[in-house]
Each structure stands twice: as C-alpha cells, then as structure tokens.
Amino acid sequence: MCMILFRKFRVLILMVFLVACTMHIMIDLLPKLEKRAAGADSGDGGCQCAHHPGGEAQGWGKQRARSAAEAGWPNKHTLRILQDFSNEPSSNLTSHSLEKITAAGDRADAFRRTGPAAGKAEEHKPLIGDASGGRTVSGHGVSRLAALFEHPLYKVDLPPLTDDDTLFNVNTDTRFYPKATGNQGWHNEEGNEDEEEFSPTGEVTAESYPNWLRFHIGINRYELYSRHNPVLDALLKDLVLQRITSVAMKSGGTQLKLIMTFQNYGQALFKPMKQTREQETPPDFFYFSDFERHNAEIAAFHLDRILDFRRVPPVAGRLVNMTREIRDVTRDKKLWRTFFISPANNVCFYGECSYYCSTEHALCGKPDQIEGSLAAFLPDLNLAKRKTWRNPWRRSYHKRKKAEWEVDPDYCDEVKQMPPYDRGTRLLDIMDMTIFDFLMGNMDRHHYETFEKFGNDTFIIHLDNGRGFGKHSHDELSILVPLSQCCRVRKSTYLRLQLLAKEEFQLSSLMEESLLRDRLSPVLIQPHLQAMDRRLRLVLQVLSRCIEKEGHVNVVEEDLVGDSATHRGPGHR
C-alpha cells in the first residue's frame with residue numbers, strides 16, 4: 001500500500017513539474033505572440049491613432065491584462081524586464097548618457113564613413129514640405145511666401161566655401177557601410193524594415209543618407225541650412241512621421257523636455273503642450289516664471305526662415321501617442337514611474353525637472369494624445385563642439401535687481417570694447433537676435449551658442465525659443481534696448497524688414513501661410529500674428545530714429561556688396 005502511494009506521489013510531483021515548465025515557456029512566448037498578433041491586426045505598432053475613450057476609462061489593474069496590441073500597461077514579461085533594468089546603476093540615463101550611448105555613437109560611426117555633402121541643393125524647391133495633408137494657401141492662388149523667396153534680397157549668394165567654412169570636411173571617395181557600423185537596425189527613410197535600398201555591394205550613396213545626417217553635413221560658417229535645400233523638407237517630414245524608438249528626459253533646464261530617438265537614429269527635442277494657444281501670459285508674470293510654449297518653438301523656426309537668418313534648427317509639430325510612443329518605449333525608469341490615469345480618465349505624466357514637474361502640473365492627453373514641438377538635434381558635441389556665450393544684454397533674473405544695461409544708457413559703448421564684440425560681425429548678430437526676439441516677445445535670451453570650429457566669425461544659433469509668443473496685447477520694449485543703444489544693423493536685415501512691412505509682403509500673412517504647412521496648424525492665433533506687424537513697425541521706428549541721430553552710413557552696415565555677401569572678414573568693424 002505504501003509503495004502504491006509513493007508511486008502516485010512521484011507521478012503527482014512529475015505532473016506539477018511539467019505544468020510549471022509549460023507555464024514558464026508560455027510566459028516567455030506570450031510577448032512574441034502578442035507582438036505578432038498586433039502587427040497582423042494593426043500593421044504598425046507605432047500608430048498615432050487614439051485609443052478608444054472607453055478603453056482608457058479602465059483602471060491600471062484592468063489595463064495590465066490587456067494585450068500588447070491595445071498598448072496597455074506592460075505585461076508580466078515586460079515588468080520583469082523593467083525590474084531587471086531598475087537594478088542597474090545607470091537606469092536613469094538621460095540625454096548626456098543613455099541617448100548618447102545608443103544614438104550618438106551611431107552618429108559618430110556614420111560621420112566617419114560619410115561621403116560628399118549631400119545637403120547642397122542643385123535645384124530650387126519649397127523650403128517646407130506640405131505636411132498639412134493637402135491644404136493650400138487661401139487667397140487668389142498666389143503664394144506670398146514663394147514670391148518672397150524669389151525676391152533678389154533672398155537670392156544673395158554666400159562667399160565661396162572652403163574647408164574652413166564647412167562644419168564637416170568629408171571625403172568624397174568614402175562610402176557609408178551600414179553593416180560595418182554594427183547598426184543592423186538601419187532602416188530606410190520610409191520606415192520599411194523589409195525593403196533595403198542598399199546597392200548590391202552593400203554601399204549606400206550620399207543621397208540615401210538619413211536626412212538628419214545630410215542636414216548636419218550642410219552646416220557651414222554662414223547658415224544652418226541653405227535657402228532651397230530639399231533636405232529640409234524631408235527632415236521636417238521625418239520629425240512628423242518617423243517611428244519613435246526610445247525616449248528619455250533631458251537633463252538640465254527648468255521645465256520638462258524629452259529626447260526622442262527615431263528609427264533612422266535621428267534625434268529631436270520634444271516640448272509638450274502645456275497651455276492652449278489662446279492663453280496669454282498674465283501681465284504680472286516675470287519673464288522667467290512662464291511656461292515654455294511648444295507652438296512658440298514651431299513659429300520661431302518659421303519666423304527665422306522668413307527673416308532669412310536660417311539660424312534655428314528645423315522644428316515641426318507632432319501629435320504623439322503618450323502610451324505607445326513615450327511610456328512603452330522609454331527606458332528612463334523615473335519618467336516611466338510618473339505616468340498615471342487622471343480622474344477624467346486621461347493618460348498623464350509629469351517627469352522630473354526643476355519646476356513644474358508634479359501632479360499639479362502634469363501633462364495629460366486626450367485621452368492619450370498630446371501635441372508638441374520636435375526640434376531636430378544639432379551634431380553631437382563630440383563631433384562639433386559649440387561654445388556658449390553670455391548675452392551682454394542678459395536680464396538679471398531677479399525680482400528687484402536691474403541689469404547694468406537697464407540703468408546705463410552708454411552700456412553699448414562698453415560692450416563694443418570687449419571681445420568678441422570689438423571686431424567682426426558678432427555685434428550685428430546680436431542686433432539680428434534682438435529683432436528676432438522682439439518680434440516674438442521673447443525676454444529669456446540669457447545665453448547663446450556658436451560652433452567652436454568657426455571661432456568668432458560665424459552666426460549665432462537661435463536655440464530655445466519656447467518663451468516667445470506669450471503675450472500679444474503688450475509689447476515689451478525693453479527687448480529693443482540693445483538696438484536703440486547700439487544703433488547698428490545689417491543692410492540686408494534692414495531692407496528685409498522694410499520689405500516685410502509692405503502690404504504685398506506683410507509679415508503676418510507670410511507667417512500664417514508658412515505655418516499652414518505644419519501638422520498642428522493653426523500654430524498661432526490671429527492676435528499673435530497681428531502683434532508681429534505692430535512690433536515690426538516699432539523696430540523700423542527705432543532704426544529711423546537712429547538714422548536721424550547718427551546718420552545712415554553710421555547705422556546701416558553694408559553687407560550686400562563685394563565678395564563677402566553676408567559676412568565680412570575678421571578685421572571688419
């Protein structure tokens with residue numbers, strides 16, 4: 001009898017063991033089966049379509065049981081991976097660590113094997129691709145923007161470029177080999193993983209480089225991109241359409257920003273929507289206490305291009321699925337933990353930053369869709385170092401203390417004696433930036449950057465424009481103090497400002513037409529557009545008073561004659 005019971009017990013133990021092994025195998029295979037099923041049902045796991053509101057109304061507990069095809073909370077397999085990851089000492093890697101390791105390394109490999117500068121355009125094409133889904137410019141069928149770019153002022157040639165004038169000196173005989181870089185995940189621009197556009201030898205021609213790489217190659221001493229570079233159109237479309245493969249919080253800064261990496265290894269800075277377009281900054285707010293605006297970043301890029309500065313990196317608006325394109329792809333543990341469901345059944349998150357990162361300032365979708373701006377990254381600092389300069393007209397950032405330039409009317413004379421403002425074109429670049437900021441109403445220009453390779457003889461990069469377009473009912477004239485104190489301006493800038501003040505090239509109309517091509521149109525409401533026309537008239541009034549006081553030749557700097565079309569030599573003052 002005992003022997004029979006013992007045998008039955010052994011059989012029972014064996015069955016339990018087999019059942020446990022079977023369950024373990026099923027748990028491991030389940031995510032793959034779910035992913036395959038999701039691909040068969042939806043065709044694209046990165047779809048930006050909103051979830052059904054009724055589904056989002058479920059609690060987190062119910063969402064955990066939902067399939068991966070419904071983009072619910074991570075299943076047991078995913079949670080196990082996250083738990084393993086959370087034990088790593090570098091689990092909270094940010095823009096200076098994780099993203100550099102995963103993407104900047106790929107960029108470095110790409111640059112070491114790149115071919116000719118493919119970013120130079122051979123033909124004249126629109127500077128922005130029509131990402132508006134077929135929308136056309138209203139009116140009589142005549143594009144003011146196209147007419148503007150055909151004006152002689154927008155066809156001034158640059159000086160001949162030498163190796164010292166280009167950011168990257170590439171070998172025209174070199175070809176890029178994707179397999180040699182170890183990037184087996186390299187995909188074509190359309191995101192089709194099944195079809196490769198590589199030649200039979202495995203080489204990739206310069207025209208097949210990712211658009212972010214072609215954009216980087218085209219940067220030179222005088223501009224971030226040329227006026228009619230078709231790569232800009234393609235890059236803007238990439239910002240809107242490329243699949244997001246990883247997300248991390250950007251370190252530093254006062255407000256939450258995310259670094260998004262795309263399928264083609266390009267990267268962009270994402271600023272989510274924090275307030276509506278109609279919400280004007282209260283008059284009692286200090287310039288450093290307002291929210292950054294995603295639509296300001298988009299509008300700044302278009303304004304910079306219309307002014308023909310071309311110093312703002314390409315920016316496009318995008319509607320992002322917070323569940324599938326942020327929460328489910330992030331490896332940033334701290335960001336992942338801040339997701340929650342609001343009482344209104346919307347997906348929200350708040351991240352970590354110096355200010356405005358709490359449940360009271362959470363970013364919530366509808367139900368999980370949120371719009372934001374995506375600004376293309378500049379070349380990695382390991383490849384192209386940039387120098388940060390303190391703006392001489394920087395504000396005090398103190399509630400009671402004024403900056404020196406606010407109390408000293410002769411402050412500009414002192415600035416002119418200091419490097420790098422005592423030579424070259426840097427002071428004129430500051431004046432361009434002053435006009436640019438005033439038209440936007442941006443009071444937060446405390447620092448600026450230049451590419452280190454070009455020394456002092458290069459343009460100022462117009463980065464971080466999120467605090468523009470906050471007010472439309474008030475003009476902050478203090479922004480114009482550098483212009484009124486120095487009374488200096490480039491002739492090309494002065495003539496373009498006069499052109500944009502004419503009815504046929506009205507600045508507000510040009511901005512409205514240009515912004516129609518962005519996916520988040522309308523980017524600006526009418527009061528902000530009208531405010532730019534009003535501020536443009538104020539800029540011209542300041543320059544008119546300067547000319548009347550100092551004389552035209554002492555105010556307007558000639559830069560449209562000779563071989564140095566837009567920049568003078570180092571010794572010019």
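Keep in mind it's a predicted model, so treat the numbers as computed, not measured.
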Problem - Leu510 backbone acceptor or donor facing Glu513 side chain under 3.5 Å - result: no

Practice task
Answer yes or no: is there a side-chain heavy-atom contact under 4.5 Å between Leu232 and Pro314?
Solution key: yes

Practice task
Measure from the side-chain N and O atoms of Thr261 to the backbone N and O of Tyr265, and report whether any donor-acceptor pair falls under 3.5 Å.
Solution key: no

Handout entry: Approximate separation, where rounding is to 0.5 Å, of Arg144 CZ and Glu504 CD
Key = 8.5 Å

Practice task
Over all heavy atoms of both residues, which pair between Phe505 and Ala147 is shortest? Give the atoms and the distance, please.
Solution key: CE2-C, 3.8 Å

Practice task
Scan side-chain atoms only and decide if Thr450 and Trp389 contain a donor-acceptor pair under the 3.5 Å cut-off.
Solution key: yes

Practice task
List the steps and the verdict of side chain to side chain donor-acceptor pair (under 3.5 Å) for Gln530 and Ser508.
Solution key: CA-CA 6 Å; Gln530 296 166 0; Ser508 59; over 6 Å; no

Problem - With Val320, the side chain to side chain contact (heavy atoms under 4.5 Å, CB included) member among Leu258, Val247, Ile326 - result: Ile326

Completion exercise
Value for OG1 (Thr425) from CG (Asp457), rounded to nearest 0.5 Å, stands at 6.5 Å

Practice task
Examine Arg395 relative to Tyr397 and say whether NZ or CZ is less than 6.0 Å from the centre of the six-membered ring and inside a 45° cone about the ring axis.
Solution key: no

Handout entry: Leu427 and Asp422, any side-chain heavy atoms less than 4.5 Å apart
Key = no

Fill in the blank from the handout: Output for pair (Leu335 CG, Thr330 OG1), nearest 0.5 Å, gives 4.5 Å

Handout entry: Close side-chain approach of Phe436 to Asn465, heavy-atom, < 4.5 Å
Key = yes

Problem - Any side-chain heavy-atom pair of Leu236 and Phe301 under 4.5 Å - result: yes

Practice task
Keeping the roles fixed (side chain from His447, backbone from Thr388), state whether a donor-acceptor pair exists under 3.5 Å.
Solution key: no

Exercise for the section: Answer yes or no: is there an ion pair linking Asp429 with Arg490, defined by an N-O contact shorter than 4.0 Å? Expected result: yes

Practice task
In plain terms, say whether Lys271 and Asp464 are close enough for a salt bridge, that is, a side-chain N and a carboxylate O under 4.0 Å apart.
Solution key: yes

Handout entry: Reported CD-to-OG distance for the pair Glu406 and Ser478, which is rounded to 0.5 angstrom
Key = 6.5 Å

Problem - Donor-acceptor contact below 3.5 Å, side chain Asn321 vs main chain Gln369 - result: no

Practice task
Taking Gln255 for its side chain and Glu292 for its backbone only, find out whether a donor-acceptor pair lies under 3.5 Å.
Solution key: yes

Problem - Tyr411 ring center near Trp393 ring center (under 6.0 Å) - result: yes

Problem - Lys/Arg-Asp/Glu bridge criterion (N-O < 4.0 Å) met for Glu452, Lys387 - result: no

Problem - Ring centroid separation Tyr356 to Phe291 under 6.0 Å - result: yes

Handout entry: Donor-acceptor contact present, side-chain Asp475 to main-chain Leu477, <3.5 Å
Key = no

Practice task
Show the numbers, then the answer: is there a side chain to side chain contact (heavy atoms under 4.5 Å, CB included) between Leu148 and Leu500?
Solution key: CA-CA 9 Å; Leu148 178 75; Leu500 296 174; 4.0 Å; yes

Problem - Carboxylate-amine/guanidinium contact Glu371 Lys366, below 4.0 Å - result: no

Exercise for the section: Compute whether any side-chain donor of one residue and acceptor of the other, for Asn442 and Asp444, lie under 3.5 angstrom apart. Expected result: no

Problem - Close aromatic pair by centroid cut-off 6.0 Å: Tyr350 and His361 - result: no

Handout entry: SB check Glu449 Lys385 (cutoff 4.0 Å)
Key = no

Completion exercise
So CG of Asn295 and NZ of Lys274: to nearest 0.5 Å the spacing works out to 11.5 Å

Practice task
I would like to know whether Asp380 and Gln267 meet side chain to side chain contact (heavy atoms under 4.5 Å, CB included); could you show each step before the answer?
Solution key: CA-CA 10 Å; Asp380 190 86; Gln267 288 185 299; 5.9 Å; no

Practice task
Grab the two heavy atoms, one from Pro392 and one from Trp405, that are nearest each other, plus how far apart they are.
Solution key: O-CD1, 3.9 Å

Practice task
Establish, yes or no, whether the cationic atom of Arg496 lies under 6.0 Å from the six-membered ring centre of Tyr154 and within 45° of the ring axis.
Solution key: yes

Practice task
Taking all heavy atoms of Ile244 and all of Met260, pick out the closest pair and write down the distance.
Solution key: CD1-SD, 3.5 Å

Completion exercise
With sequence neighbours left out, the residues meeting salt bridge (charged side-chain N to carboxylate O under 4.0 Å, His left out) with Asp437 are Arg445

Practice task
Start with the C-alpha distance between Phe469 and Glu280, add both sets of side-chain angles, then the distance that settles side chain to side chain contact (heavy atoms under 4.5 Å, CB included), and finish with yes or no.
Solution key: CA-CA 9 Å; Phe469 299 102; Glu280 188 174 10; over 6 Å; no

Practice task
Flag the pair Ile525 / Arg277 as yes when at least one side-chain heavy-atom distance between them is below 4.5 Å, and no otherwise.
Solution key: yes

Practice task
Go through the steps for Arg305 and Ser514 under the test side chain to side chain donor-acceptor pair (under 3.5 Å), then give the verdict.
Solution key: CA-CA 10 Å; Arg305 186 170 55 88; Ser514 185; 2.5 Å; yes

Handout entry: Flag, side chain of Thr458 to backbone of Phe454, donor-acceptor distance under 3.5 Å
Key = no

Handout entry: Any Phe438 side-chain heavy atom under 4.5 Å of Val539 side chain
Key = yes

Handout entry: Side-chain donor/acceptor of Asn346 to backbone N/O of Ser342, under 3.5 Å
Key = no

Problem - Exam field: side chain Asp165 to backbone Asn220, donor-acceptor pair closer than 3.5 Å - result: no

Exercise for the section: Check whether any side-chain N or O of Ser521 sits under 3.5 Å from a backbone N or O of Asp518 as a donor-acceptor pair, and report yes or no. Expected result: no

Exercise for the section: Apply side chain to side chain contact (heavy atoms under 4.5 Å, CB included) to the pair Leu167 and Phe451, showing each step before the final yes or no. Expected result: CA-CA 8 Å; Leu167 190 60; Phe451 287 109; 3.8 Å; yes

Practice task
Look at atom CD of Glu548 and say whether more than 12 heavy atoms of other residues, nucleotides or ligands are closer to it than 6.0 Å.
Solution key: no

Handout entry: Lys491 with Glu557: basic N within carboxylate O range, under 4.0 Å
Key = no

Problem - Salt-bridge contact Arg310-Asp304 (side-chain N to carboxylate O under 4.0 Å) - result: no

Problem - Test item: Leu515 and Pro522 side chains (from C-beta on) under 4.5 Å apart, heavy atoms - result: no

Practice task
Locate the shortest heavy-atom distance separating Ala501 from Leu540; write the atom from each residue and the value.
Solution key: CB-CD1, 3.7 Å

Exercise for the section: List the steps, then state whether salt bridge (Lys or Arg N to Asp or Glu O under 4.0 Å) holds for Lys257 with Glu297. Expected result: CA-CA 13 Å; Lys257 294 177 280 289; Glu297 294 285 357; over 6 Å; no

Practice task
Quick one: closest heavy-atom pair of Leu378 and His216, and the distance?
Solution key: C-NE2, 3.6 Å

Problem - Beyond-backbone contact of Tyr448 with Ile430, side-chain heavy atoms, under 4.5 angstrom - result: yes

Completion exercise
Tightest non-hydrogen contact, residues Val315 and Ala375, listed as CG2-CB, 3.8 Å

Completion exercise
dist Ile461:CD1 -> Phe309:CZ (nearest 0.5 Å) comes out at 15.0 Å

